[in-house]
Protein chains: 2
Amino acid sequence: MSSPGSRTTVIALLADRGYRLTAPRRQILDVLLASGTPLSAAGIHRRLENRRINLASVYRTIWVLLGLEALRATDAIGGEKRFELADPLGAHHHHLICQDCGRIEDLEGCPLEERVLRAVNRRVRRSRRFRIVEHELRLIGACADCDGAGRRTRARRRP
Amino acid sequence: MSSPGSRTTVIALLADRGYRLTAPRRQILDVLLASGTPLSAAGIHRRLENRRINLASVYRTIWVLLGLEALRATDAIGGEKRFELADPLGAHHHHLICQDCGRIEDLEGCPLEERVLRAVNRRVRRSRRFRIVEHELRLIGACADCDGAGRRTRARRRP
DNA sequence: CCGTAAGCTGCAAAGCGTTTGCAGTATGAG
DNA sequence: CTCATACTGCAAACGCTTTGCAGCTTACGG
Ligand SMILES: [Mn+2]
Ligand SMILES: [Mn+2]
Ligand SMILES: [Zn+2]
Ligand SMILES: [Zn+2]
């Protein structure tokens, strides 16, 4: 297997583009592979084995991986930026985001069927002149832990 | 007419909650009413008649209007935060976002029909335990001006 | 293996958008 | 009109992200 999100593929991609495989990059990649949810730069940094790796290097690696299209940026709640390894090929998925705790879960696959997408495309194309390339769907609500009692665990951040 | 996004309604709402109707607030509201697209704090500030109004006041007013639910935050491309007056009642709409110039256009109404939303809800509820409260759909692509030649007018910002 | 060029890293400082403390000003109720 | 107090401009503080730099590493050819 060698989807864009696989360890070997990303490593090959780095070499291919003249990037070097350094310890920080390997560790950051491993953190991303191990995480089941998108992580912020600080989140990645916090999970690194070697705590001597600088936060600046995390940012630089994020930037490199985005350039390789091996990483995908997803806006969490409140504009917080998080990152996750890209899906294989032209695949994509969307997220369930908890309003209260900020937790992000994957929604496997895309619920927008061909039919819907085509309809939107037609509608848009007719009125405005706009070519849709991709889309992003965020389902916002309450996760299992936060539902039930309205015990808002994390105060909603300022805008 | 008195939808949440109407001038009189917002003004009434302010008084109702003990807020004062000040010159900065009135002008900021007018800028938002006049704009056909979501604006950033800086964007609002730039358009203000009275240039002596401080950017801090713009932020404070944004915060107040969000509290009144008269304003809605929409994440533009690259995590840039922008704001627009809320839709009437429980209505909502989504956006077409140009990858190249960052321009944001409204897509009237929501293309996710009942059928789709119910299906998603059922699917989510069965596997995970997650209650969907709202959703956000962003259609990303190229606007009329930027399509055709790939003459990328505004460099893609860092993540 | 080892030497070397250049890519990379840690560190510290700079940037930038956003928030906050404060002292003076303007609003709206009485 | 008067007065209590919400609000404003200003400047400093903040938190996240980026950048300059000097030294360290990696990949590669010999
Ligand atoms: Mn995901
Ligand atoms: Mn809109
Ligand atoms: Zn999709
Ligand atoms: Zn919708």
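Reminder, nothing fancy here: chain letters follow the sequence lines and each chain counts from 1.
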Restricting both atoms to N or O, compile the protein contacts to nucleotides 23-26 of chain C shorter than 3.5 Å, with distance only.
none

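With R129(B) contributing its side chain and D145(A) its backbone, the two residues share no donor-acceptor pair below 3.5 Å. Judged by distance alone, with hydrogens and angles left aside, the side-chain atoms of R138(A) form a donor-acceptor pair with the main-chain N or O of A76(A) at under 3.5 Å.
Applying the ring-ring contact (aromatic ring centres under 6.0 Å, His included) test to pairs two or more places apart or on separate chains, those with a residue in residues 105-146 of chain A are H92(A)-H135(A), H94(A)-H135(A). Every pair passing salt bridge (Lys or Arg N to Asp or Glu O under 4.0 Å) that includes a residue from residues 113-127 of chain A is listed here, sequence neighbours excluded: E113(A)-R115(B), E114(A)-R118(A), R115(A)-E113(B).
With sequence neighbours excluded, the residues forming a side-chain hydrogen bond (donor to acceptor under 3.5 Å, both in side chains) with R72(A) are E84(A), listed by chain and number. For E49(B), there are no side-chain hydrogen bond (donor to acceptor under 3.5 Å, both in side chains) partners, not counting sequence neighbours. With sequence neighbours excluded, the residues satisfying side-chain hydrogen bond (donor to acceptor under 3.5 Å, both in side chains) with D106(A) are H93(A), H95(A). With sequence neighbours excluded, no residue satisfies side chain to side chain contact (heavy atoms under 4.5 Å, CB included) with S127(B). In this structure H45(B) satisfies the side-chain hydrogen bond (donor to acceptor under 3.5 Å, both in side chains) test with no other residue, sequence neighbours excluded.
Protein atom NZ of K81(B) is 12 Å distant from nucleotide atom C1' of dC16(C), rounded to whole Å. If you measure from atom CZ of F83(A) to atom P of dC16(D), you get 14 Å, rounded to the nearest angstrom. In this entry the distance linking CD1 of I62(A) with P of dC16(D) reads 13 Å, nearest Å. Distance Y19(B) OH to dC7(D) P: 7 Å, rounded to the nearest Å. Here dG21(C) presents its C1' atom at 14 Å from CG of N54(B), a figure rounded to the nearest Å.
Each of L55(A) and G18(A) was matched to the nucleotide of DNA chain C holding its nearest heavy atom; the match closer to the 5' end belongs to G18(A).
Looking at heavy-atom distances under 4.0 Å, A56(B) makes contact with a base.
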Just list the side-chain donor-acceptor pairs under 3.5 Å for residues 17-34 of chain A, sequence neighbours left out, or say none.
| unit_1 | atom_1 | unit_2 | atom_2 | d |
| --- | --- | --- | --- | --- |
| T22(A) | OG1 | R25(A) | N | 3.4 |
| R25(A) | NH1 | R20(A) | O | 2.7 |
| Q27(A) | OE1 | N50(A) | N | 3.1 |
| D30(A) | OD1 | R7(A) | NE | 2.7 |
| D30(A) | OD1 | R7(A) | NH2 | 3.1 |
| D30(A) | OD2 | R7(A) | NH2 | 3.0 |

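Listed by residue number, the members of residues 24-35 of chain A with any heavy atom below 4.0 angstrom from DNA chain C are P24(A), R25(A). Less than 4.0 Å separates DNA chain D from at least one heavy atom of each of the following residues of residues 40-53 of chain B: R52(B), I53(B).
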Practice problem: Determine, step by step, whether L71(B) and L85(B) satisfy the side chain to side chain contact (heavy atoms under 4.5 Å, CB included) criterion, reporting the C-alpha distance in whole Å, the side-chain angles of both residues, the deciding distance to 0.1 Å, and the verdict. | Solution: CA-CA 4 Å; L71(B) 196 67; L85(B) 292 173; 4.0 Å; yes
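Judged by distance alone with a 3.5 Å cut-off, a donor-acceptor contact links the side chain of R60(B) to the base of dG9(D).
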